*Asks:* 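My structure is below; once you've seen it, I'll send some questions.
These values consider heavy atoms only, across backbone and side chains, with no hydrogens, waters or symmetry-generated copies. To find a chain, count down the sequence lines: A is the first, B the second, and so on, and within it residues start at 1. What you are looking at is a predicted structure, and each value in this text was computed from that prediction instead of being measured.
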Protein chains: 2
Amino acid sequence: MSKPSSKASAASKLLRGGLPSVPGAGRRAQFSAATKRALVDVAERLFTEDGYTGTSLDAIVAGAEVTKGALYHHFNGKRALFEAVFERVEGEAVRVIQAAMKAHRDPWDKAVAGLRAFVDVVQQPGYRRVVVQEAPAVLGYEGVREQEERSSLAVVHDLVGQLLVDRDRPVDAGLVATFSRILFGALAAAGEVVAESDEPTDASRRVEIAFGYLISGMQLLREAGVALPTADELAEPDAIADENAADDESDTRG
Amino acid sequence: MSKPSSKASAASKLLRGGLPSVPGAGRRAQFSAATKRALVDVAERLFTEDGYTGTSLDAIVAGAEVTKGALYHHFNGKRALFEAVFERVEGEAVRVIQAAMKAHRDPWDKAVAGLRAFVDVVQQPGYRRVVVQEAPAVLGYEGVREQEERSSLAVVHDLVGQLLVDRDRPVDAGLVATFSRILFGALAAAGEVVAESDEPTDASRRVEIAFGYLISGMQLLREAGVALPTADELAEPDAIADENAADDESDTRG
DNA sequence: CTGAGTACGTACCGTGAGTACGTACCGCAG
DNA sequence: CTGCGGTACGTACTCACGGTACGTACTCAG
C-alpha cells in the first residue's frame, strides 16, 4: 500500500505518455499489449462461434498461444475477457453506424441511413452472438444497458431527439428516452429478421418498408399538428386524454 | 424398441385417459408428476433469482428435496429443465395477455389492451430473467424464436394482421410477419423500460404515449390512403419507390 | 406372489474456471 | 556491469459442477 511501487508505475506512465514520438519506447509494454490483443482476438472469434459457455479458457489461451497465467494477468476472469470483446464489437458497430449517418444532414435521412447501417451490423455474426445473444446473460441486463447507453443507444437517442423535437416545444426528455429505447428494440428485432432470413435482400426491403411506414406516420402526425406532450403536460392528466383522442377516433370508424 | 414395454406404457396412458373421474388412479404416476412439478417449481425460482449458470443442479434438487437421479429421470439435463421452465413462464404470459385482449373486440382496443398486458408481464422477474435475459443464450436464438412463434409472437402477429389488413388489399404476408417481429421487439424494449424504471407508473404512461403516437401515425396513414404494398407490388420495384415517396417529401420541408 | 418396470438414490468421472506460486525477462539505480 | 524490483507471463493444483453408471425400493399387472 505505502510501498514506493505506486511511484514506479506512475513513472512508467509518464514515460509512455511523455515519449509518444518514439514507437520503440517500452518494448515490454508493446509485447504485453500484443498478447492482450491476441487474447481478445481469439476470444472474439471463439465466443462468436461457440458462445460464452461453449468456449473454454483453455481453447482461448491455446488459440492465442499463451497460457492461463497470461490471461489472468490481463483480465480478472472469463467475464472480464468477454466484456472486452463486447466493448470492441459494440464500439466497432457504433463507428460503422455513425460513419453511415455522417453522410447526411437531414434528420430523416440520417434516420434512414442509420437504420440501414444498423440492419447491416446486426447481420454480422459477431454482433449477433456476442452483443445480442450472449451479453444479456453474461453481463446482465444492467451491464449491457450501461454499455449501450453510451454507444449504440446514444446514437438512436440523439436521432430521436432531433426527430421529435419541435422548435418551441420542449418534448418531455423521459419520453424521448422511452421512444429511443422502444425504437432501439424495434431496430434490434428488425436486424434479427434480416439476419435470420435466407433472403436478406428481400428481408431488408421489408424492414425498410415497415420502418418507412412508421416514420411516415410520425411525419404525418407532425404535419397534422399532433405533437408529443411536454414535461409539463405529462404531469397533468389532461394531456394524456388529449393524446388518446387520436386512438378513440378509430372506434367510430370500425 | 420391439419390446412389449411400449405396450405397457400405452396401457397406462389408456388407463389414465380412460379413467379421468378417478383421481386415485395411478398413485405412482401422480407422485412422479408431483416431483417433476416440484423440480420445475424450484428451478423456476432459482433460475429467476440467480440465472442459468448461477444455479447448480445440486441446489435445485436440494430445493425439491430429491436427488440428481430424480432430475435426470425426468429431464435430459439442465437445458431440458430450463426449457420446461421457459415453456411454463412463456405459456403463462400468453394466457394473461390473451385474457386481457379478450375483453375487447375492436382491433385497436385489443392492441392497447395487449400492449398494457404485455408491459405488465415483462415486469415480472420470472419472465424478464428466464425468457428475455437467459433464454437466448441457453436455448439459442433459434430455439427461443420457435417457442415464441407459437405463443407470444403469434398473438402479436394475429393482432398486426388485423390492424394492417385492408378489406380488398392483401398486404404481403412477409411484410406482416416483419412488422410483427419489429413490434414485438419494440414491446420487449418497452417492457424493459418499465421494468427497470423506479417509477413504473410514469414509465408505463410514457410507454403508452409512445406507442399511441406510433399507432396514431399508422391510423392516419391508413385514413390518408397510404397502404402497405401487396405481395405483387413488393415484387416490382415501382411499389417501393411509391412507398418511399412519403419519406422523400420531408426532404423539401427541412 | 412374482417378475418386470418405474422412480428414484448413490457413487463416481471429466471438464473447466479460478488460484497459488514459481520464473524469466526488462528497465533502472548504483 | 550488476544486483534489484517489478512486470509478464508459465505451471501445477484445487474445487465446483454437469453428467453418467449403477444400485435399489416400490408398484402393479397377471
Side-chain angles (χ1 to χ4, degrees), chain A residues 3-16 18-19 22 24-39 43 46-47 50-82 138, chain B residues 1 3-16 18-19 22 24-39 43 46-47 50-62 64-82 138:
Chain A
K3 275 190 173 183
S5 63
S6 58
K7 185 184 164 195
S9 87
S12 70
K13 273 194 177 179
L14 279 175
L15 186 78
R16 263 179 284 173
L19 297 173
V22 182
R27 287 162 30 198
R28 191 94 184 282
Q30 282 195 343
F31 282 136
S32 175
T35 63
K36 188 171 182 177
R37 265 197 54 211
L39 281 167
L46 295 182
F47 282 153
D50 308 322
Y52 181 75
T53 56
T55 61
S56 67
L57 293 184
D58 289 336
I60 293 173
V61 297
E65 292 178 333
V66 292
T67 60
K68 294 173 78 170
L71 196 157
Y72 275 91
H73 173 71
H74 289 288
F75 302 97
N76 283 334
K78 200 182 182 185
R79 279 176 65 105
L81 178 57
F82 180 86
V138 177
Chain B
M1 293 295 190
K3 275 189 173 184
S5 63
S6 58
K7 186 185 162 195
S9 85
S12 69
K13 274 195 176 176
L14 279 174
L15 185 77
R16 264 179 282 174
L19 298 172
V22 182
R27 287 164 30 199
R28 192 93 185 286
Q30 281 194 346
F31 282 137
S32 175
T35 64
K36 188 171 183 176
R37 265 197 51 211
L39 281 168
L46 295 182
F47 283 152
D50 307 322
Y52 181 75
T53 56
T55 62
S56 66
L57 292 184
D58 290 336
I60 293 174
V61 296
E65 291 178 335
V66 291
T67 59
K68 295 172 77 172
L71 196 158
Y72 275 90
H73 173 73
H74 289 288
F75 302 96
N76 282 334
K78 200 183 183 185
R79 279 177 66 104
L81 177 58
F82 180 85
V138 177

*Asks:* Within this structure, what is the OH-to-P distance between B/Tyr72 and C/dG9, rounded to whole angstrom?
*Replies:* 15 Å
*Asks:* To the nearest 0.5 Å, tell me how far B/Lys36 NZ sits from B/His73 NE2.
*Replies:* 9.0 Å
*Asks:* How many whole angstroms separate atom CG of B/Asp58 from atom C1' of C/dA11?
*Replies:*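 The answer, rounded to whole Å, is 13 Å.
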*Asks:* Roughly, in whole Å, what's the span from CZ in A/Phe75 to C1' in D/dC9?
*Replies:* 14 Å
*Asks:* Taking OP1 and OP2 of D/dA8, is either one under 4.0 Å from a side-chain nitrogen or oxygen of A/Thr35?
*Replies:* no
*Asks:* Please work out if A/Thr53 contacts a base, only the sugar-phosphate, or nothing of the nucleic acid, heavy-atom cut-off 4.0 Å.
*Replies:*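 Here A/Thr53 touches no strand at all.
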*Asks:* So which heavy atom on B/Tyr52 is nearest to which on B/Arg79, and how close?
*Replies:* OH-N, 3.3 Å
*Asks:* Verify the contact: side-chain N or O of A/His74 to OP1 or OP2 of D/dC9, cut-off strictly under 4.0 Å; return yes or no.
*Replies:*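 For D/dC9, OP1/OP2 do have a side-chain N/O of A/His74 under 4.0 Å.
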*Asks:* In this structure, how many angstroms lie between the C1' atom of D/dC9 and the CG atom of A/Leu39, rounded?
*Replies:* 11 Å
*Asks:* Counting side-chain heavy atoms from CB outward, which of C/dG9, D/dC9, D/dG18 is closest to B/Lys78?
*Replies:* D/dG18
*Asks:* NA contact type, A/Thr67, heavy-atom cut-off 4.0 Å: base, sugar-phosphate, or nothing?
*Replies:* base
*Asks:* Out of C/dA17, D/dG19, D/dC9, which nucleotide sits closest to the side chain of A/His73?
*Replies:* D/dC9
*Asks:* Rounded to whole Å, please give me the gap between CZ in A/Arg28 and C1' in D/dC9.
*Replies:* 8 Å
*Asks:* Side-chain donor or acceptor of A/Lys68 under 3.5 Å from a matching atom on the base of D/dG10?
*Replies:* no
*Asks:* Expressed as a whole number of angstroms, how long is the span from A/Gln30:CD to C/dC26:P?
*Replies:*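 Going from A/Gln30 (CD) to C/dC26 (P), I get 14 Å.
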*Asks:* Could you check how far CG of A/Asp50 sits from P of C/dT15, rounded to whole Å?
*Replies:* 17 Å
*Asks:* I'd like to check B/Thr67 versus B/Val61 (side-chain heavy atoms, cut-off strictly below 4.5 Å). Are they in contact?
*Replies:* no
*Asks:* My understanding is that a pair needs two contacts under 3.5 Å, Watson-Crick or G-U wobble. By that rule, which nucleotide pairs with D/dA12?
*Replies:*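 Its partner is C/dT19.
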*Asks:* On a heavy-atom basis, which atom in B/Lys78 and which in B/Thr53 lie closest, and how many Å separate them?
*Replies:* NZ-CA, 3.9 Å
*Asks:* What is the distance from CZ of B/Phe82 to C1' of D/dG18, rounded to the nearest Å?
*Replies:* 16 Å
*Asks:* Please evaluate residues B/Ile60 and B/Leu39 with respect to the criterion side-chain contact (heavy atoms from CB on, under 4.5 Å), reporting the C-alpha separation (whole Å), side-chain torsions for both, the decisive distance (0.1 Å), and the verdict.
*Replies:* CA-CA 7 Å; B/Ile60 293 174; B/Leu39 281 168; 4.1 Å; yes
